[in-house]
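Worksheet: one structure, shown below.
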Amino acid sequence: MKTKTPTQKIQLVRLAHARSGDKADWVDFGLFAWNAAGYAVLAREVTAQRVTEHFAPWLPGEVECWYLPNILAIKLVLHDALQGGGARNLRLDNLGKSMAAALLRMDINVTDDELAACLAAPRVGWWGDDQ
């Protein structure tokens, strides 16, 4: 009988950073893993369904998701996310730029070994290897 490896819940912010913006009533996210180990976890844990559930209180529309392993990123588009658009919305900080922080608070599941590997691997990016 195979035993299941225990997992723990962590927020996305531990493994990734994000950028977001809005166009009319859509929010567009770029979710970037800090390294390949983190991307492997993101690709498994960040799905259109999970993001829809995370934003459920204020997202009546659908979520589209594209996986971009060559740049360790996931592109997400949330449709009907701004209650008609930034100028019509009564929600505070309603623009897409502020929603990246909300995405990074989404809980994901990782094993202890996965988390250790993600945190031990060097971060990759435009700044080179000195970070």
Side-chain angles (χ1 to χ4, degrees):
M1 186 170 157
K2 189 176 181 179
T3 60
K4 187 173 179 176
T5 305
T7 62
Q8 59 180 298
K9 285 192 183 297
I10 65 167
Q11 292 184 332
L12 277 175
V13 71
R14 301 272 315 268
L15 305 182
H17 58 105
R19 297 281 300 180
S20 60
D22 56 82
K23 292 291 182 200
D25 201 14
W26 293 12
V27 175
D28 190 334
F29 291 102
L31 179 66
F32 302 90
W34 289 115
N35 51 47
Y39 180 78
V41 173
L42 296 184
R44 181 189 71 227
E45 292 290 314
V46 180
T47 64
Q49 179 63 36
R50 298 274 311 275
V51 173
T52 299
E53 292 167 3
H54 179 69
F55 286 106
W58 25 284
L59 178 66
E62 70 177 79
V63 174
E64 292 182 278
C65 189
W66 293 272
Y67 298 92
L68 307 165
N70 57 327
I71 59 171
L72 305 178
I74 300 172
K75 177 184 173 62
L76 298 137
V77 175
L78 282 60
H79 295 270
D80 303 321
L82 296 174
Q83 299 171 339
R88 298 180 65 196
N89 189 324
L90 298 178
R91 204 171 61 224
L92 185 61
D93 289 331
N94 57 10
L95 296 176
K97 290 187 184 315
S98 65
M99 290 180 68
L103 177 65
L104 290 172
R105 289 192 301 268
M106 187 172 106
D107 287 331
I108 59 171
N109 296 307
V110 296
T111 66
D112 290 341
D113 290 343
E114 285 175 327
L115 182 58
C118 292
L119 297 178
R123 291 181 173 189
V124 296
W126 58 267
W127 54 80
D129 294 331
D130 59 347
Q131 292 288 323

(message) Does any part of the side chain of Gln11, heavy atoms only, come nearer than 4.5 Å to the side chain of Asp107, both counted from C-beta?
(response) yes
(message) If the condition is salt bridge (charged side-chain N to carboxylate O under 4.0 Å, His left out), which residues does Lys75 pass it with, not counting sequence neighbours?
(response) Asp28
(message) If you count every heavy atom of other residues, nucleotides or ligands that lies below 6.0 Å from Arg44 atom CZ, does the total exceed 12?
(response) yes
(request) Indicate the atoms forming the closest heavy-atom contact of Val41 with Cys118, along with that distance. (result) CG2-SG, 4.0 Å
Donor-acceptor pairs under 3.5 Å, side chain of residues 65-74 to any protein atom, not counting sequence neighbours: which ones?
| unit_1 | atom_1 | unit_2 | atom_2 | d |
| --- | --- | --- | --- | --- |
| Tyr67 | OH | Val46 | O | 2.7 |

(request) Please report the closest heavy-atom contact between Pro60 and Asp80, naming both atoms and the distance. (result) CD-O, 3.2 Å
(message) Please check this pair: side chain of His54 against backbone of Ala102, looking for a donor-acceptor N/O pair closer than 3.5 Å.
(response) yes
(message) Going by side-chain contact (heavy atoms from CB on, under 4.5 Å), name the residues that satisfy it together with Thr52, two or more places apart in sequence or in a different chain.
(response) Val63
(message) Measuring from atom CE of Met99 to atom CG of Leu59, what distance do you get when rounded to the nearest 0.5 angstrom?
(response) 7.0 Å
(message) Starting from Phe55, can I reach Met106 by hopping between I/L/V/M/F/W/Y residues whose side chains sit under 4.5 Å apart?
(response) yes
(message) Would you call the rings of Phe32 and His17 parallel, tilted or perpendicular, taking 30° and 60° as the class edges?
(response) parallel
(request) Take Gln8 and Asn109 through the side-chain contact (heavy atoms from CB on, under 4.5 Å) test and state the conclusion after the steps. (result) CA-CA 5 Å; Gln8 59 180 298; Asn109 296 307; over 6 Å; no
(request) Treat each ILVMFWY residue as a node, draw an edge where side-chain heavy atoms are under 4.5 Å apart, and state whether Trp26 and Phe29 are in one component. (result) no
(message) Once salt bridge (charged side-chain N to carboxylate O under 4.0 Å, His left out) is applied, do any residues pair with Arg14, and if so which ones, sequence neighbours excluded?
(response) none
(request) Please name all residues satisfying side-chain contact (heavy atoms from CB on, under 4.5 Å) with Ala121, sequence neighbours left out, ordered by chain then number. (result) Asn35
(request) To the nearest 0.5 angstrom, please state how far the CD1 atom of Ile108 sits from the CG atom of Leu42. (result) 6.0 Å
(request) Specify the closest pair of heavy atoms between Leu31 and Ala16, including all atoms of both residues, with the distance to one decimal. (result) CD1-CB, 3.8 Å
(request) Could you pull out all residues at least two apart from Arg50 that satisfy salt bridge (charged side-chain N to carboxylate O under 4.0 Å, His left out)? (result) Glu45
(request) Please examine the side chains of Leu15 and Leu115, heavy atoms only from C-beta on, and report whether any two atoms are closer than 4.5 Å. (result) yes
(request) Taking the side chain as every heavy atom from C-beta outward, state whether Leu76 and Leu103 have any pair of such atoms under 4.5 Å apart. (result) yes
